[in-house]
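Hydrogens, waters and symmetry mates are skipped; everything else that's a heavy atom, side chains included, is used. Both ligands and their constituent atoms are indexed starting at 1 by order of listing.
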Amino acid sequence: MMAAAKAAEGNHVTLLEKNPSLGKKLLLTGGGRCNFTNAEPDNHRLAAFYGHAGQYLLSPLSRFSSSDALQFFASRGMPYKVEDRNRAFPLSNEARSVLAVLERFMAETGVSVRTHSEVTGLILEKGRCLGVQTRRGPLLADHVILATGGTSLPATGSTGDGYRWLREAGHSVRLPEPSLVPLAVAEKWIQELAGLSFDEVRLEAWHNQRVFAETGRLLFTHVGLSGPLVLNAATRLAALHREAQAQHQELGLRLDFFPRWDGGEVDRQLVALIAENPNRQLKSLLSTWLPPRLVQRLLSPSQLSEVPGRHLTKEARQSLSRLLKGFPLTFQRLLDASKAVVSSGGVSLKEVDFRTMKSLKVEGLSLVGDLLDFDRPTGGFSLQICWTTAWSAGLALRGSPQGQKSS
Ligand SMILES: Cc1cc2nc3c(=O)[nH]c(=O)nc-3n(C[C@H](O)[C@H](O)[C@H](O)COP(=O)(O)OP(=O)(O)OC[C@H]3O[C@@H](n4cnc5c(N)ncnc54)[C@H](O)[C@@H]3O)c2cc1C
């Protein structure tokens, strides 16, 4: 939508969408609130979030940065707010507001939108793209911008069609694997904790000499763990799990609910908590620190739930402190692509001219958004790639002598 509207400032543009309506995935983003960008004003710092691949973004970011995205949406009647970790959301808390701005932008620049229009392939001749095949017949164009997305949540329409066509056209496409994806644990009782979330938990996993340890926001689900901490760790945890499996071992996880205190400090705080209320049952004491459902689960194996604090032996208290610093779980598997937020993989970045987003393999073709092989963390970084690459792609065609008709 962004690419179409921008290109339409100097061209006749037709947008083809196979769904009955536009932005099906966009409406699901950010839990329906759409974390539409990360408000990091420094392009170099923003690019660093994408690892080595970030260098490719510097050129298009110079044309449309995260600050430009904020300004773009705000100036088109969508006030926004910035939450923790620089995550920007529409003030309305509605992804619909983001979609509305894009639809208005397309209406202003005169994009002709055709829904229910499935593209079945590119029309190629001698290394040049002449248009697209659709279920209703061919559509010829001077230029095609491909924005068919990746493979996460295929029910939204992102079924990886573009990857197939681009491979056939000579592009190298790294096969996508779910990247930002939640994980399942072996413990079935985890469902009792579904919905609990924590702003700061340290997650640890280790196998042989390799250790994973990071702190961040964590969410319990019906089958395991999610939240930014887990989503960003998914690929590394899966690699550790594969190594463990190769040696017929399990991958143990540990959750530290008090990452700012060392083990000794947790124990000292527990002593103080008990001293203040010696007659209160442990479950009630600990519920001043943690959600009661988690407390119940922490205490159930030791059956200490109803024991008054003053009756807790030193050994039992110290083992409880250790549990608060290292709640054990067993990694089972990553959930499949249907639960993934983005899929890693996509078209090799070396094969795209990032000044214009034009393919270096096929003339008359540009590539934008999730089609490109960027790994990115959660926090608005995916949609920023979309805005940045789409703006550059559209801008490069604006007023180009041959670019009078694009699709
Ligand atoms: C649950 C969820 C939450 C997310 N939340 C966030 C967030 O808060 N912030 C963030 O930055 N990112 C988020 N993302 C990632 C973000 O949604 C994507 O990066 C973004 O939507 C990619 O945009 P795109 O235009 O490249 O592809 P898509 O949004 O996948 O759009 C591709 C479009 O092309 C259409 N299409 C595909 N094939 C064809 C065909 N053959 N013919 C015609 N049309 C076709 C599809 O129907 C679809 O409408 C989230 C993703 C998911 C799944």
Can you list the ligand 1 atoms lying under 4.0 Å from a non-hydrogen atom of [X]?
| X | answer |
| --- | --- |
| Leu153 | 1 (C), 53 (C) |
| Ala147 | 32 (C), 33 (C), 34 (O) |
| Gly157 | 36 (N), 37 (C), 38 (N), 46 (C), 47 (O) |
| Trp165 | 41 (N) |
| Gly149 | 26 (O), 27 (O), 30 (O), 32 (C) |
| Val119 | 40 (C), 41 (N), 42 (N), 43 (C) |
| Asp370 | 18 (C), 19 (O), 20 (C), 22 (C), 26 (O) |
| Thr156 | 47 (O) |

Between [Y] and [X], is the closest basic N to carboxylate O distance under 4.0 Å?
| X | Y | result |
| --- | --- | --- |
| Glu306 | Lys283 | yes |
| Glu83 | Arg85 | no |
| Lys325 | Asp262 | no |
| Lys24 | Glu17 | no |

Exercise for the section: Would you check if the side chain of Arg376 reaches a backbone N or O of Phe374 as a donor-acceptor pair within less than 3.5 Å? Expected result: yes
Out of [options], indicate the one that has the non-hydrogen atom closest to [atom].
| atom | options | value |
| --- | --- | --- |
| atom 39 (C) of ligand 1 | Arg376, Arg164, Lys24, Lys18 | Lys18 |
| atom 10 (C) of ligand 1 | Asn38, Thr37, Leu383 | Leu383 |
| atom 35 (C) of ligand 1 | Met2, Arg114, Glu17 | Glu17 |
| atom 16 (C) of ligand 1 | Thr378, Val132, Thr29 | Thr29 |

Handout entry: ligand 1-proximal atoms of Phe374, by part, heavy-atom distance under 4.0 Å
Key = neither
Exercise for the section: Please confirm whether Arg297 makes a cation-pi placement over Trp189, using NZ or CZ under 6.0 Å from the six-membered ring centre and within 45° of the ring normal. Expected result: yes
Practice task
Would you please classify the geometry between the His241 ring and the Phe331 ring as parallel, tilted or perpendicular, with 30° and 60° separating the classes?
Solution key: tilted
Handout entry: Over all atoms of both residues, closest heavy-atom pair of Lys25 and Ser152
Key = NZ-O, 2.8 Å
